[in-house]
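One structure is given below, encoded as structure tokens.
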Amino acid sequence: MTRSERAKENFLRGYNCAQSVLLAFSDLIPLDEKAALKISAPFGGGVGRMREICGTVSAMMMVCG
């Protein structure tokens, strides 16, 4: 399964966009899934759901960081 397929599957399971992407890359970051979900939760729908910064882009930056 590709990372994009994992992210889509996560989103369809009810996670927000930031959570879905971060979880798809969770094997590359030094966080367990529970911590990754908590950290990325406020970034779904843009920061604080303000629709300013895409949650997917925020999660990509978390993975890169």
Please report the closest heavy-atom contact between [X] and [Y], naming both atoms and the distance.
X	Y	result
T56	V21	CG2-CG2, 3.7 Å
A36	L23	CB-CD2, 4.4 Å
A7	S20	O-CB, 3.3 Å
N10	A24	ND2-N, 3.8 Å
A18	A59	O-CB, 3.3 Å

Main-chain N/O of S40 paired with Q19 side-chain donor or acceptor, under 3.5 Å: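 Such a contact is absent between Q19 side chain and S40 backbone.
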D32/K38 salt bridge by N-O under 4.0 Å criterion: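 Result for this pair is no, no salt bridge flagged.
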For the atom pair [atom1] ([X]) and [atom2] ([Y]), what is the distance rounded to the nearest 0.5 Å?
X	Y	atom1	atom2	result
I29	C64	CD1	SG	11.0 Å
Y15	L22	OH	CG	12.0 Å
K34	S26	NZ	OG	15.5 Å
E9	R6	CD	CZ	9.5 Å

Measuring only between side-chain heavy atoms, which start at C-beta, is F25 closer than 4.5 Å to M62?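 Sidechains of M62 and F25: no contact.
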Tell me whether I39 shares a hydrophobic cluster with L28, the cluster being built from Ile, Leu, Val, Met, Phe, Trp, Tyr side chains joined at under 4.5 Å.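 Yes, one cluster joins them.
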Test of understanding: clusters of I, L, V, M, F, W, Y form through side-chain heavy atoms closer than 4.5 Å, transitively. Do F43 and L31 belong to the same one?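 Yes, F43 connects to L31 through the hydrophobic network.
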